[in-house]
Undergrad: 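Please read through the structure below; I'll follow up with questions.
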Amino acid sequence: MEGEIKIVKTGTPGLDELFTKGGFIHNNSVLISGEPGAGKSIVAMQYIYNGARIYGETGVYVTSEQSVEKLRENAKELGMDFAELEEKGLVKLMKIPITHGYELASDELMREIKKEEVKRVAIDSITPLENLSTDIRGFRVRILAFIETITAHNITLLVTAEKQKTDFDNMEFTPEDFLFDGLIMMGRLRKAVSFERVLSVIKMRGTKHSEELHPIEISNMGLVIKSLED
Ligand SMILES: Nc1ncnc2c1ncn2[C@@H]1O[C@H](COP(=O)(O)OP(=O)(O)OP(=O)(O)O)[C@@H](O)[C@H]1O
Ligand SMILES: [Mg+2]
């Protein structure tokens, strides 16, 4: 029955409205893919930050590229005070231990996801792990196993990945794009002498979704999806 499907709000203003069911499907895994500076990390931060602050759902944010301190600083510039939520135990920020070989489901992360109150996990990003993999098949198997491990704990997972280029006219997909329940692409479109930032939902198993390219805006208030009429 449709009424039994639980929806997880994305925490990014305007994004829930792109899905007919009003957000991500509970327990799904979603990949946000896009070029450098497209806004992937901000969407991931808002998923965890607003998930806790607005929806009261505890979340874990795993960063691979920056220190936890730097992440807190960056978030603050975007209007998100993680420290406050960390003190309340609503958010946990951690750095992925890439130096220990590569184990996505680290002991530290496993300890967190076993806590019943943890409902959201964001991994930003999996690309360094992909680069460390010697074979792509092994990488796929590991990612699939990771998705299964996380979602088995009643968690809705958001993962980011870097794309070398995001050509919306001629899309090319990488192996990991096929592994997740949902795929969102972020990039830029050229408009005369400037670029416009856009986001598009490529797939979302279990719900109908917008097929359009949606302009987005980033400011010190965070990232929002603008309405197409603007
Ligand atoms: N306070 C702000 N006001 C306006 N724009 C901002 C602000 N903070 C960040 N940005 C914009 O957001 C971009 C970074 O977004 P984000 O870190 O989410 O990108 P990303 O897709 O994760 O990139 P990468 O692949 O390099 O990690 C910056 O390049 C900048 O253009
Ligand atoms: Mg990033």
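Both ligands and their constituent atoms are indexed starting at 1 by order of listing. Only heavy atoms go into these numbers, but all of them, side chains included; no hydrogens, no water, no symmetry mates. Note that the numbering runs from 1 along the sequence shown for the chain.
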Undergrad: Residue-level breakdown please: for Glu35 versus ligand 1, do any non-hydrogen atoms fall below 4.0 Å on the side chain, on the backbone, on both, or on neither?
TA: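 Near ligand 1, Glu35 shows its backbone, while the atoms from C-beta on stay back.
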
Undergrad: Quick one: closest heavy-atom pair of Ser219 and Leu78, and the distance?
TA: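 That closest heavy-atom pairing would be O-CD2, 3.5 Å.
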
Undergrad: Which residue holds the protein heavy atom closest to atom 10 (N) of ligand 1, what is that atom called, and what is the gap in Å?
TA: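 For this ligand atom, the closest protein heavy atom is Ile218 CG2, 3.6 Å.
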
Undergrad: Indicate, as side chain, backbone, both or neither, the part of Glu77 found under 4.0 angstrom from ligand 1 when only non-hydrogen atoms are considered.
TA: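 Just the backbone.
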
Undergrad: Between Thr63 and Asp124, does any side-chain donor sit less than 3.5 Å from a side-chain acceptor?
TA: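 Checked: Thr63/Asp124 side chains show no N/O donor-acceptor pair below 3.5 Å.
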
Undergrad: Please, which pairs that meet salt bridge (charged side-chain N to carboxylate O under 4.0 Å, His left out) have at least one residue in residues 35-55, sequence neighbours excluded?
TA: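 Every pair satisfying salt bridge (charged side-chain N to carboxylate O under 4.0 Å, His left out) with a residue in residues 35-55: Glu35-Arg188.
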
Undergrad: Checking a contact table here: which protein heavy atom is nearest atom 27 (O) of ligand 1, and how many Å away?
TA: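 So the nearest neighbour among protein heavy atoms is Glu65 OE2, 3.3 Å.
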
Undergrad: Can you tell me how far the CZ atom of Arg72 sits from the CE atom of Met45, to the nearest 0.5 Å?
TA: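 Rounded to the nearest 0.5 Å, the CZ-CE separation comes out at 13.0 Å.
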
Undergrad: Could you state whether Leu144 and Ile155 fall into the same hydrophobic cluster, counting links through intermediate Ile, Leu, Val, Met, Phe, Trp or Tyr residues with side-chain heavy atoms under 4.5 angstrom apart?
TA: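 Both belong to a single hydrophobic cluster.
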
Undergrad: Do the side-chain N and O atoms of Thr156 and Asn27 include a donor-acceptor pair separated by under 3.5 angstrom?
TA: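 No, Asn27 and Thr156 have no side-chain donor paired with an acceptor closer than 3.5 Å.
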
Undergrad: For atom 15 (O) of ligand 1, grab the closest protein heavy atom and report residue, atom and distance to one decimal in Å.
TA: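 For atom 15 (O) of ligand 1, the nearest protein heavy atom is Ile42 CD1, 3.5 Å.
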
Undergrad: Taking Lys76 first and then Glu73, would you say they form a salt bridge - that is, a charged N and a carboxylate O separated by under 4.0 Å?
TA: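 Here Lys76 does not pair with Glu73 in a salt bridge, since their nearest N and O are not under 4.0 Å apart.
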
Undergrad: Going by heavy atoms, is Gly39 under 4.0 Å from ligand 1?
TA: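 A heavy atom of Gly39 does come that close to ligand 1.
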
Undergrad: Is there a path of hydrophobic side-chain contacts, each under 4.5 Å between heavy atoms, that joins Ile42 and Val121?
TA: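 Shared cluster, no.
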
Undergrad: Hey, does Arg197 sit under 4.0 Å from ligand 1 if you only count heavy atoms?
TA: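 Per 4.0 Å heavy-atom rule, Arg197 contacts ligand 1.
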
Undergrad: Is it true that a side-chain atom of Asp177 and a backbone atom of Thr174 form a donor plus acceptor pair closer than 3.5 Å?
TA: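 A pair under 3.5 Å: yes.
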
Undergrad: Heavy-atom distances under 4.0 Å are what count here, so tell me which part of Ser41 touches ligand 1: side chain, backbone, both or neither.
TA: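 Contact part for Ser41 vs ligand 1: both backbone and side chain.
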
Undergrad: For atom 25 (O) of ligand 1, what's the nearest protein heavy atom and its distance?
TA: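 The closest one turns out to be Lys40 NZ, 2.7 Å.
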
Undergrad: May I ask whether Phe146 and Leu183 are part of the same hydrophobic cluster, defined by side-chain heavy atoms of I, L, V, M, F, W, Y residues being less than 4.5 angstrom apart, directly or through others?
TA: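 Yes, one cluster joins them.
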
Undergrad: Which protein N, O or S atoms does the Mg ion (ligand 2) have within a distance shorter than 2.8 Å?
TA: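 Correct list: Ser41 OG.
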
Undergrad: Within this structure, what is the CG-CD1 distance for the pair Leu157 and Ile150, rounded to the nearest 0.5 Å?
TA: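 If we round to the nearest 0.5 Å, Leu157:CG and Ile150:CD1 are 6.0 Å apart.
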
Undergrad: Starting from atom 26 (O) of ligand 1, what is the nearest protein heavy atom, named by residue and atom, and what distance separates them?
TA: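 Nearest protein contact, heavy atoms only, for atom 26 (O) of ligand 1 is Gly37 N, 3.5 Å.
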
Undergrad: Give the numbers and elements of all ligand 1 atoms closer than 4.0 Å to a heavy atom of Ala38.
TA: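 Near Ala38, the atoms of ligand 1 are 19 (O), 20 (P), 21 (O).
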
Undergrad: Which residue supplies the protein heavy atom nearest to atom 7 (C) of ligand 1, what is that atom called, and how far is it?
TA: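 Answer for atom 7 (C) of ligand 1: Leu78 CD2, 3.8 Å.
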
Undergrad: Where do Gly39 and Ile218 come nearest, in terms of heavy atoms and distance?
TA: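 For Gly39 versus Ile218, the nearest heavy atoms are CA-CD1, 4.3 Å.
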
